[in-house]
Protein chains: 2
Amino acid sequence: MGRPVGRRGESRARLLDAALALFAEHGVSGTSLQMIADSLGVTKAAVYHQFASKSDIVLAVASPVMDQMAAIADAADAAEDKSARFNLVLSGLVDLVLDNRASASALRRDPVLTRLLETNEDFRAVLARIDAILIGPSPSTEGRIALVLAGGSLMVSGMDPSLADVDRGTMRGVLISSMTRLLRP
Amino acid sequence: MGRPVGRRGESRARLLDAALALFAEHGVSGTSLQMIADSLGVTKAAVYHQFASKSDIVLAVASPVMDQMAAIADAADAAEDKSARFNLVLSGLVDLVLDNRASASALRRDPVLTRLLETNEDFRAVLARIDAILIGPSPSTEGRIALVLAGGSLMVSGMDPSLADVDRGTMRGVLISSMTRLLRP
DNA sequence: GTCTATACGCTGATAGAC
DNA sequence: GTCTATCAGCGTATAGAC
C-alpha cells in the first residue's frame, strides 16, 4: 500500500515484478519499456537507470527461474535412489510452476525467452540433467514425447485463466499424478 | 522453386504461409510486415495490397484453424454414442495439430492470437462444444485441469523441435493414448 | 532514483505510378 | 500485383539536470 521504499534493490525488484507480469500478458516483444514504466508510474528514463537495455530486463526476469531449476536438479542428485530423484524433480517442478502461476509459464511460451534459454549453455545443461532424471539417460521415442507432453502441460496449467480459482493443494495433487501418469506409463 | 504463380489467390496463400511460419518463430508481436515482405521477396506495399492491416493477416491465419475445429465438433455431433464422439474429437484434434505441426501450436502460445480467439464468440462456442464432448457438460475440478493439461500438451507437442524427427504415425499413437490417459483417468 | 529532452531507426500504413 | 516514396508515431536508447 504505497510502501515508502528505500531499501536497496527494492525498486529493482518491483520493476522485475512489473515486467514479468507484462511479459506474461503481452509477451516480451509485445511489451515496451514505456508499458513497464507506466505500470510503475515512472518514466522510461527511470527504467533505464536500473537496466542498461531491454535484454537485460529479460535476462534478469529469467535468471531466478534458471537458478531454481538448477537447485531442483542439485537436490535430486543428492537423493538416494532413482525413484526418490524422480519424485524430487517432479514435485520441485510442480512447486516451481505453482509458486509463479501465470508468470513462470510465460517463460516457456514466449519466443524471445524460449530462444534466450535455448541458447544458454548453462540452462541447457540443467534441463538435460532434469530430463535424464525424469526419463533416463537414453530415452525411447515414446519417452521423449512424454517428456515434451509433461513439460508442456505443466507450463500451460500455471497460466490458464480457467484454472485461476483452483486451490493450490488440488492443483498440486492433480499435476503430480498427471505428470507421473504421462512419464511412467 | 520459383514457381510461375498466376493462379488466383495463390500469392495470398503464400503470404499466409510465410506469415504463419514467422508468427510461430517470433510471435505475432515479434513479426513485422517488413519481415513478412522480405521472406516473400517483395515490399511492404505488396503485402498491403493483399491485406488492409496486420490484424487482418492475423485473422486470416487463425480462421482456417477455427473452421477446422468447428468441423471437428460438427462431425462429432453426428456420431452415435458418447464414446464415438469422444474418439472423433480426440483424433480430430490430434490430426489437426499433426497437419500443421510447428505452425498450429503458435496459435495457442501467442498472446495476441490467444486474445483474438478468446474474444471471438464463435470460436468460444466451438471450444465449449469440444470441451463438453471431452469432459462432459458439468466437469469436476479434476476434469477441468485435465482438459487444460491435455490441450496444452497437445499444442506443445506439435511445436517442439526435439520431436521433429518423430514420424507422424508414432506421434499420432502416443498423442491419442496420452490424451486419453489424461482425460479418462 | 527520477526527471525532461532528444536522437534516430523501424513500425504500420497511405498515395500513386507502372 | 508490385513498385517507389512518404508519413506520423512509437520503439529503444542516451545526455544531462535535479
Side-chain angles (χ1 to χ4, degrees), chain A residues 1-62 106 110-113 115-116 119, chain B residues 1-62 106 110-113 115-116 119:
Chain A
M1 317 325 155
R3 80 185 70 220
V5 301
R7 274 188 308 180
R8 227 192 58 142
E10 177 144 351
S11 62
R12 185 191 150 100
R14 284 206 314 141
L15 194 156
L16 287 179
D17 278 352
L20 185 51
L22 288 167
F23 289 165
E25 191 176 350
H26 306 283
V28 172
S29 295
T31 302
S32 68
L33 294 182
Q34 185 69 68
M35 290 164 75
I36 297 173
D38 286 350
S39 99
L40 291 168
V42 298
T43 63
K44 277 189 291 183
V47 172
Y48 271 106
H49 179 259
Q50 315 246 18
F51 294 93
S53 70
K54 185 178 177 179
S55 302
D56 282 9
I57 299 178
V58 174
L59 264 171
V61 158
D110 191 277
V112 176
L113 279 160
R115 202 153 317 184
L116 180 75
T119 57
Chain B
M1 314 290 260
R3 78 186 69 222
V5 300
R7 274 187 308 179
R8 229 192 55 142
E10 177 144 350
S11 62
R12 184 190 151 101
R14 283 207 314 142
L15 195 158
L16 287 179
D17 278 352
L20 185 52
L22 288 167
F23 290 166
E25 191 175 350
H26 306 282
V28 172
S29 295
T31 302
S32 69
L33 294 182
Q34 186 69 68
M35 290 163 74
I36 297 173
D38 287 350
S39 100
L40 291 168
V42 299
T43 64
K44 275 193 292 182
V47 172
Y48 272 105
H49 179 257
Q50 313 246 19
F51 294 93
S53 70
K54 185 178 177 179
S55 302
D56 281 11
I57 299 178
V58 174
L59 265 171
V61 158
D110 191 276
V112 176
L113 279 160
R115 203 153 314 186
L116 181 76
T119 55

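Note on naming: letters A, B, ... go to the chains in the order of the sequence lines (proteins, then strands), and numbering restarts at 1 for each one.
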**Q.** Length of the CD1-P vector between A:I36 and D:dG11, whole Å
**A.** 11 Å

(Q) In this structure, how many angstroms lie between the P atom of D:dG16 and the OH atom of A:Y48, rounded? (A) 18 Å

Q) B:L15 versus B:V42: any side-chain heavy-atom pair under 4.5 Å? A) no

Q: Have a look at B:S29 and say if it touches a base, only the backbone sugar-phosphate, or nothing, with a 4.0 Å heavy-atom cut-off.
A: nothing

Q) Over how many whole Å does the gap from B:F51 atom CZ to D:dT2 atom P extend? A) 12 Å

Q: Calculate the interatomic distance between A:L33 atom CG and D:dC10 atom C1'; express it in whole Å.
A: 12 Å

Q: Look at the side chain of A:R115 and the backbone N and O of B:E25, then say whether any donor-acceptor pair between them is shorter than 3.5 Å.
A: yes

Q | Close side-chain approach of A:D17 to A:L20, heavy-atom, < 4.5 Å | A | no

**Q.** Min side-chain heavy-atom separation B:V112-B:F23 under 4.5 Å
**A.** no

Q | Of the listed nucleotides D:dT14, D:dT2, D:dG11, the one nearest the side chain of A:Q34 | A | D:dG11

Q) Expressed in angstrom and rounded to an integer, what is the separation of B:H49 atom NE2 from D:dT2 atom P? A) 8 Å

Q) Toward the 5' end of DNA chain D, which comes first, A:A45 or A:V28, by nearest nucleotide? A) A:V28

Q. Any idea which of D:dG11, C:dG1, D:dT14 is nearest the A:S32 side chain?
A. D:dG11

Q: Please answer whether the main-chain N or O of A:A18 pairs with a side-chain N or O of A:S39 as donor and acceptor at a distance below 3.5 Å.
A: no

Q. Do B:K54 and B:V28 have side chains that get closer than 4.5 Å, going by heavy atoms?
A. yes

Q) Over how many whole Å does the gap from B:M35 atom CE to D:dG11 atom P extend? A) 17 Å

Q) Going by heavy atoms closer than 4.0 Å, what residues in residues 52-62 of chain A are next to DNA chain C? A) none

Q. Which one, D:dT12, C:dG12, D:dT2, comes nearest to the side chain of A:K44?
A. D:dT12

Q) Once you round to the nearest 0.5 Å, how far does CG of A:L40 lie from CD of A:Q50? A) 9.0 Å

Q.
Below the 4.0 Å mark, does D:dC3 have OP1 or OP2 next to a side-chain nitrogen or oxygen of B:T43?
A. yes

